[in-house]
Amino acid sequence: MDYTLTEEQELLRRLVEDFVAREVKPYLETAGEEFPWPLFRKLGELGLAAIPFPAEYGGGGLDYTSYSIVLEELSRLGSHLGSVLAVHGLPQLILNHFGDETQKKKYLPAMARAELLGAFALTEPHAGSDAASINTRAELRGDKYILRGQKIWITHGGDADIYLVMAVTGKGKGSRGISSFIVEKGAAGLAFGKREKPMGLPHHTREVFFEDCEIPSRNLVGREGDGFKVAMTALDSGRVTVASTSVGLAQAAFDYALSYAHERKAFGQSIGEFQGIQFMLADMAAAIEGARCVTRKAAFLRDRGLPFNAVASMAKLLATDAAMKVTTDAVQIYGGYGTSEDYPVQALFRQAKIGQIVEGTNQIQRMIIARELLKKFKQ
Ligand SMILES: Cc1cc2nc3c(=O)[nH]c(=O)nc-3n(C[C@H](O)[C@H](O)[C@H](O)COP(=O)(O)OP(=O)(O)OC[C@H]3O[C@@H](n4cnc5c(N)ncnc54)[C@H](O)[C@@H]3O)c2cc1C
């Protein structure tokens with residue numbers, strides 16, 4: 001496995017670096033809590049809104065390694081724009097993998113141009129980690145499905161145009177009874193509830209309600225009963241994206257802390273001259289490097305069609321834990337200033353915590369890794 005970037009990957013990385021410096025930075029300095037539409041549309045114009053999806057449907061046709069590099073670079077000012085792209089990628093991945101030709105042609109090119117924003121709706125108030133226990137139901141009536149239920153914590157909720165929704169179609173509960181559906185914004189009975197304000201993120205997540213929400217039966221993705229597999233397939237790949245954004249934000253916190261350690265004086269010298277601070281910086285750099293390597297390995301395995309889900313879980317676990325540690329230490333190196341909203345590291349620290357929870361908490365990642373380890377005794 002080669003960790004150096006190809007010429008094409010380096011050009012892509014520089015394109016994103018330039019976009020972040022010229023457009024993302026000034027935008028974020030004045031941004032409110034609204035969804036960053038101008039930046040999202042620009043991602044489409046730059047050809048960055050569908051990097052790993054087929055060119056035939058308007059995507060970049062690139063590998064997951066390139067996608068990971070872009071997400072890392074996009075997160076150098078914090079994870080929010082990287083997570084916009086990563087979440088938008090979940091419904092794209094599902095449509096690309098499980099959708100029929102009509103669904104692909106209808107949605108994927110417009111999503112690649114960032115004309116349509118996507119959302120992924122699995123979590124419910126009583127069912128997060130235990131996703132097979134969802135209660136939202138979809139009932140087939142003639143040529144329509146009628147959806148009833150509630151989702152929570154839906155990133156892009158209210159803003160997104162396309163919701164990939166998991167709902168129970170089978171009798172009783174459990175993973176085999178779950179199916180997945182496309183719900184378009186504007187569908188009768190689709191409503192949005194309370195905005196949640198997750199810490200560190202400039203824009204919100206939102207509750208989504210299905211109140212006898214009617215959708216055409218052709219909006220079923222895959223077959224009835226495929227929904228749990230659909231959701232887990234998307235999350236396996238999604239974990240590589242969470243790991244990538246976490247590496248980017250950890251690197252950002254480290255860069256701030258390194259400069260600050262050099263500039264800040266105490267006891268007549270830079271605080272970076274103290275061994276206590278140097279050891280902290282060394283541990284931070286090592287944690288980032290390790291997290292980046294395992295994240296690239298997960299992308300590498302995926303790109304070659306090899307089993308990657310356990311390594312993707314390891315990448316998500318290690319990269320988000322690394323981001324938590326690095327951002328915590330960055331706040332420490334800044335001392336009192338680290339806690340101030342006038343300085344950037346506290347926001348990165350709060351965003352890092354979100355990474356340990358989304359797309360399967362880090363306890364769930366350990367369960368996935370352990371399940372893979374123990375598989376050999378069950379064959
Ligand atoms: C900012 C943000 C954005 C989100 N965006 C989306 C989105 O777009 N779409 C979507 O569907 N969801 C989204 N979520 C929801 C997210 O996926 C869930 O919060 C997450 O899966 C955890 O579920 P929960 O909050 O219900 O926690 P719970 O499942 O209630 O877990 C609570 C605690 O118990 C632990 N735990 C649970 N089960 C076990 C076990 N078997 N062993 C050990 N520990 C366990 C967990 O690790 C956790 O620490 C988002 C959440 C946040 C915070």
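As the structure lists them, so they are numbered: ligands from 1, and atoms in each ligand from 1.
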**Item:** atom 39 (C) of ligand 1 [closest protein heavy-atom partner, distance rounded to 0.1 Å]
**Value:** Ile364 CD1, 4.2 Å
**Shortest protein heavy-atom distance from atom 27 (O) of ligand 1, along with the residue and atom involved** = Ser129 OG, 4.2 Å
**Complete:** A student checking ligand 1 against Pro198 at a 4.0 Å heavy-atom cut-off should list atoms 1 (C)
**Request:** Look at atom 41 (N) of ligand 1 and find which of Met367, Glu124, Gln351 reaches it with the closest heavy atom.
**Result:** Met367
**Request:** Would you confirm whether any non-hydrogen atom of the protein falls under 4.0 Å from atom 25 (O) of ligand 1?
**Result:** no
**Prompt:** Evaluating non-hydrogen atoms only, which member of Ile354, Val87, Thr361 is closest to atom 48 (C) of ligand 1?
**Reply:** Thr361
**Asked** Taking both backbone and side-chain atoms of Leu122, is any N or O found less than 3.5 Å from an N or O belonging to ligand 1?
**Response** yes
**Message:** Before you tell me yes or no, could you show the steps for Phe192 and Phe209 under ring pair (Phe, Tyr, Trp, His ring centres under 6.0 Å), namely the whole-Å CA-CA distance, both residues' side-chain angles and the distance that decides it to 0.1 Å?
**Reply:** CA-CA 6 Å; Phe192 304 105; Phe209 294 97; 9.0 Å; no
**Message:** Side chains of Arg264 and Tyr337, heavy atoms from C-beta outward: is any pair under 4.5 Å?
**Reply:** yes
**Asked** Tell me, which protein residue and heavy-atom name are nearest atom 17 (O) of ligand 1, and how many Å apart are they?
**Response** Thr123 OG1, 3.6 Å
**Message:** Can you confirm whether some protein heavy atom lies under 4.0 Å from atom 4 (C) of ligand 1, or whether none does?
**Reply:** yes
**Request:** Give the minimum heavy-atom separation between Pro26 and Ala21, together with the two atoms involved.
**Result:** CD-O, 3.6 Å
**Heavy atom of protein closer than 4.0 angstrom to atom 32 (C) of ligand 1** = no
**Request:** Might you point out which heavy atoms bring Phe53 and Gly89 nearest each other, and give the distance in Å?
**Result:** CZ-O, 3.6 Å
**Fill in**
When distances are taken from atom 2 (C) of ligand 1, the protein heavy atom at minimum range is Val358 CG1, 3.5 Å
**Request:** Heavy-atom distances under 4.0 Å are what count here, so tell me which part of Thr205 touches ligand 1: side chain, backbone, both or neither.
**Result:** side chain
**Item:** Protein heavy atom at shortest distance from atom 8 (O) of ligand 1
**Value:** Thr155 N, 3.0 Å
**Message:** Suppose we measure from atom 13 (C) of ligand 1 to each protein heavy atom; which comes out shortest, and what is that distance?
**Reply:** Trp153 O, 3.1 Å
**Complete:** for atom 44 (N) of ligand 1, nearest protein heavy atom and its distance come out as Gln363 CB, 3.6 Å
**Message:** Are more than 12 heavy atoms, taken from residues, nucleotides or ligands other than Lys25, located less than 6.0 Å from that residue's NZ atom?
**Reply:** no
**Asked** How close does the nearest protein non-hydrogen atom get to atom 19 (O) of ligand 1, and which residue and atom is it?
**Response** Ile357 CG2, 4.0 Å
**Prompt:** Is the distance between the ring centroids of Phe35 and His204 less than 6.0 Å?
**Reply:** no
**Message:** Yes or no, since that's all I need: does a protein heavy atom fall within a distance strictly under 4.0 Å of atom 10 (C) of ligand 1?
**Reply:** yes
**Request:** Check the side chains of Gln363 and Ser129 for a donor-acceptor pair under 3.5 angstrom, ignoring hydrogens and angles.
**Result:** no
**Request:** Apply side chain to side chain donor-acceptor pair (under 3.5 Å) to Glu207 and list each qualifying residue two or more places apart in sequence or on a separate chain.
**Result:** Gln150
**Asked** Are any non-hydrogen side-chain atoms of Thr233 and Ser237 less than 4.5 angstrom apart?
**Response** no
**Prompt:** Between Leu249 and Ser79, what is the shortest heavy-atom contact and its length?
**Reply:** CD2-CB, 3.4 Å
**Item:** side chain to side chain donor-acceptor pair (under 3.5 Å) partners for Arg304, two or more places apart
**Value:** none
